[in-house]
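Just below is one structure, and these are the notes that go with it.
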Amino acid sequence: GAVVSQHPSWVICKSGTSVKIECRSLDFQATTMFWYRQFPKQSLMLMATSNEGSKATYEQGVEKDKFLINHASLTLSTLTVTSAHPEDSSFYICSVPNDLSSYNEQFFGPGTRLTVL
Amino acid sequence: GENVEQHPSTLSVQEGDSAVIKCTYSDSASNYFPWYKQELGKRPQLIIDIRSNVGEKKDQRIAVTLNKTAKHFSLHITETQPEDSAVYFCAAGDYKLSFGAGTTVTVRA
């Protein structure tokens with residue numbers, strides 16, 4: 001399967017600042033990437049679908065102006081949490097779908113732990 | 001959109017016994033049903049998946065069954081071991097996935 005990395009693995013920031021999280025597909029060209037958020041002891045919730053060369057598609061209830069997504073190449077998508085607040089503290093995980101088959105399998109990154117003070 | 005319900009939320013089993021987790025889904029268009037194991041602070045790890053044209057799939061101690069008519073699918077783990085202790089998530093969808101709430105499995109030695 002595809003190898004997906006995320007950077008940073010964890011980040012602590014002050015309230016009101018912006019944080020950028022990178023998701024890289026190391027060996028697989030990804031026209032699409034998914035961004036999930038997982039609060040402690042909860043499930044993964046899809047935030048948005050990142051599309052290479054076009055605008056991201058956001059799930060209902062996710063503020064597109066707060067969570068900026070840029071998918072400028074086939075190997076990199078970035079999620080920027082703007083004006084972060086303590087309630088944005090969460091585990092952010094990206095995934096790359098297997099577009100080469102009909103199996104729909106997703107390859108997950110290792111996640112980024114965001115703590116907003 | 002798709003709505004996935006998962007039960008139970010916690011499951012404690014004696015080592016060597018079987019564990020069963022059940023999920024239901026709402027969207028009849030869903031055709032992909034993966035199961036993930038997640039350890040604390042780590043990424044979800046795919047343990048088994050099933051497509052809508054298959055009713056059952058087995059991989060060593062793990063099996064999944066799918067009933068498309070009833071819109072439910074189940075994970076079966078036999079001969080449980082302490083290293084099976086983790087949080088398990090079911091998911092359903094097509095290109096996008098919706099996840100169940102998770103089941104915390106504890107295997108008692």
Side-chain angles (χ1 to χ4, degrees), chain A residues 1-10 21 23-25 30-51 56-62 89-115, chain B residues 1-11 21 23-25 27 29-54 57 59 64 66 73 75 85-106:
Chain A
V3 177
V4 182
S5 70
Q6 282 185 239
H7 177 80
S9 55
W10 59 270
I21 301 170
C23 176
R24 292 185 184 274
S25 178
T31 55
T32 300
M33 292 183 180
F34 297 111
W35 284 98
Y36 295 87
R37 178 170 55 184
Q38 185 177 31
F39 292 111
K41 297 187 178 183
Q42 294 190 25
S43 187
L44 282 77
M45 296 296 295
L46 180 64
M47 299 176 65
T49 303
S50 173
N51 303 299
T57 305
Y58 291 82
E59 296 301 304
Q60 189 173 8
V62 178
S89 298
S90 188
F91 193 48
Y92 291 85
I93 309 174
C94 67
S95 75
V96 172
N98 185 356
D99 287 342
L100 297 182
S101 78
S102 60
Y103 286 162
N104 309 95
E105 180 180 3
Q106 294 187 19
F107 305 110
F108 286 89
T112 296
R113 174 76 57 193
L114 170 63
T115 302
Chain B
E2 176 64 274
N3 181 43
V4 180
E5 295 192 357
Q6 182 173 346
H7 298 280
S9 57
T10 61
L11 181 60
I21 305 171
C23 289
T24 61
Y25 63 99
D27 190 346
S30 290
N31 60 17
Y32 179 57
F33 308 91
W35 287 88
Y36 297 92
K37 176 182 180 182
Q38 188 180 32
E39 297 177 350
L40 190 63
K42 301 290 182 62
R43 77 185 86 192
Q45 175 190 358
L46 178 69
I47 57 172
I48 197 167
D49 57 12
I50 193 167
R51 278 81 184 180
S52 60
N53 58 345
V54 176
K57 183 177 178 180
D59 183 4
V64 59
L66 170 65
F73 55 115
L75 177 71
S85 296
V87 180
Y88 291 81
F89 292 98
C90 64
D94 182 357
Y95 197 59
K96 297 196 296 185
L97 294 176
S98 294
F99 284 75
T103 297
T104 300
V105 174
T106 303

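Chain A is the first sequence line, chain B the second, and so forth, proteins listed ahead of strands; every chain is numbered from 1.
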Checklist outcome for this item: Max heavy-atom pairs within cutoff under 4.5 Å with chain B, candidates Pro40(A), Pro110(A), Gly109(A), goes to Pro110(A)
Considering only heavy atoms, which portion of [X] lies under 4.5 Å from any heavy atom of chain A: side chain, backbone, both, or neither?
X	value
Tyr95(B)	both
Gln38(B)	side chain
Leu97(B)	both
Pro44(B)	both

Checklist outcome for this item: Highest number of heavy-atom pairs under 4.5 Å with chain A among Val87(B), Leu46(B), Asp94(B), Thr104(B) belongs to Asp94(B)
Next on the checklist: For chain A, which candidate among Ser98(B), Ala91(B), Gly41(B) shows the most heavy-atom pairs at distances under 4.5 Å?
Outcome noted: Gly41(B)
Side chain [X], main chain [Y], donor-acceptor under 3.5 Å:
X	Y	result
Gln6(B)	Tyr88(B)	yes
Glu2(B)	Tyr25(B)	no
Ser43(A)	Gly102(B)	no

Would you mind checking which part of [X] comes under 4.5 Å of any heavy atom in chain B, side chain (CB onward), backbone (N, CA, C, O), both or neither?
X	value
Ile93(A)	side chain
Ser95(A)	neither
Gln60(A)	neither
Phe107(A)	neither
Pro97(A)	side chain
Phe108(A)	both
Gln6(A)	neither

How far apart are the closest heavy atoms of [X] and [Y], and which atoms are they?
X	Y	value
Ser30(B)	Ser52(B)	O-CB, 4.4 Å
Trp35(B)	Cys23(B)	CH2-SG, 3.5 Å
Ile50(B)	Leu66(B)	CD1-CB, 4.0 Å

Item to check | Separation between CG of Leu11(B) and OG of Ser85(B), rounded to the nearest 0.5 Å | outcome: 10.0 Å
Next on the checklist: Does the plane of the ring in Phe89(B) sit parallel, tilted or perpendicular to the ring in Phe99(B)? Use 30° and 60° as the thresholds.
Outcome noted: perpendicular
Next on the checklist: How about NZ on Lys96(B), more than 12 heavy atoms from neighbouring residues, nucleotides or ligands closer than 6.0 Å, or not?
Outcome noted: no
